[in-house]
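This report refers to the structure that appears directly beneath it.
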Amino acid sequence: MSNSIEEIKKEVEAFVVSSEAELEAYRMRFISRKSIIGELFGNMKSVPAEERKAYGQDVNALKNLAEERFQFHIDSLKSGSKKAEDHPDLTLPPIESQFGTIHPLTATRQRFIEIFERIGFNVSSGPEIEDDWHNFTALNFPENHPAREMQDTFFLEKNPDIALRTHTSSVQIRVMENEKPPIRTLSPGRVFRNEAISARAHCVFHQMEGLYIDKGVSFADLKQTLYHFAKEMYTKDTQVRFRPSYFPFTEPSAEIDISCQICHGEGCNICKYSGWVEIGGAGMVDPNVLENCGIDSSVYSGFAFGMGIERITMLRYGIKDLRLFTENDIRFLKQFNSL
Ligand SMILES: [Zn+2]
């Protein structure tokens, strides 16, 4: 018997633990109830009475040794793993960093701002939740205008009306109320309209509006500014044309078309074989709007324009479906790595 105790003692001392699995193997062999040391305790009864005391002492000493060694293995395993953390293996190949890409809408907005900053425009922002005055009334929308209907606008409250802004013209009103001319400002931002989502329309999209108010501003200034914009945003040979239109807040008003960037006037399905694509609306700020904001319309005049950032971006990169901008499909976004 004592021989076997001696052998187990040697085994305990020689046992190597360098992993959690080996630690568990050690525990099963020497510490647990069913371990070989546990068995030795079980054998106690079969030991002759006169040897029992000495046997008990030997087994106890072995048990204490096994437990000491167990604690030692636990401690050295812990400090070993800490060492590995402190000293990572520098020869391992690096984990490649995944960089995000600039969203194409952000790139277009930045380009917009760059173009207009150079001709003296600053950037303004305003709330996305607007009251009736800033979104409609100050902009000369008549009482019965369809945009004021529930099917076109997301109202949050009625009487007094609070709605998600339908354009960033509301920002222009806030600027005119708070600043004295000359005013040259861009108002980029998210706008909301109650529209079915399709390849060409979305209920949430982005606008870029521009406003210039000073003494003696004419329609010629508006045209020249937008010619400059089109050539800078697209190519030097881009043509611009103005078609008469109507908006409550400008008079006269025009739709802005540019020559098709896809077919260069030859005709394609993007321009519906006309050679022209619409990019936004513009006009001379209606004197009523100036007066609503406390600006003397007999002294000052100005122009305003508005464009959809999505539309400008689609023409810029030949993107055919507006929904791609908000689907977060990495295969789409990765194509703009170089931005
Ligand atoms: Zn075309």
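Both ligands and their constituent atoms are indexed starting at 1 by order of listing. When a residue number appears, it is its place in the shown sequence, counting from 1.
Enclosure of atom CD1 in I330 is not indicated, since only 12 or fewer non-hydrogen atoms of other residues, nucleotides or ligands lie within 6.0 angstrom.
Results of the side-chain hydrogen bond (donor to acceptor under 3.5 Å, both in side chains) test with T166 over N135, D152, T153, N194 single out N135 as the only residue that passes.
Note that CD of Q172 is 4.5 Å distant from CD of E209, once rounded to the nearest 0.5 Å. H228 NE2 to F116 CZ: the interatomic distance, rounded to the nearest 0.5 Å, is 7.0 Å.
Within the protein, the N, O or S atoms lying under 2.8 Å from the Zn ion (ligand 1) are C260 SG, C263 SG, C268 SG, C271 SG.
Aromatic ring orientation, F136 versus H167: tilted (interplanar angle from 30° to 60°).
The side-chain hydrogen bond (donor to acceptor under 3.5 Å, both in side chains) search around S35 returns none, not counting sequence neighbours.
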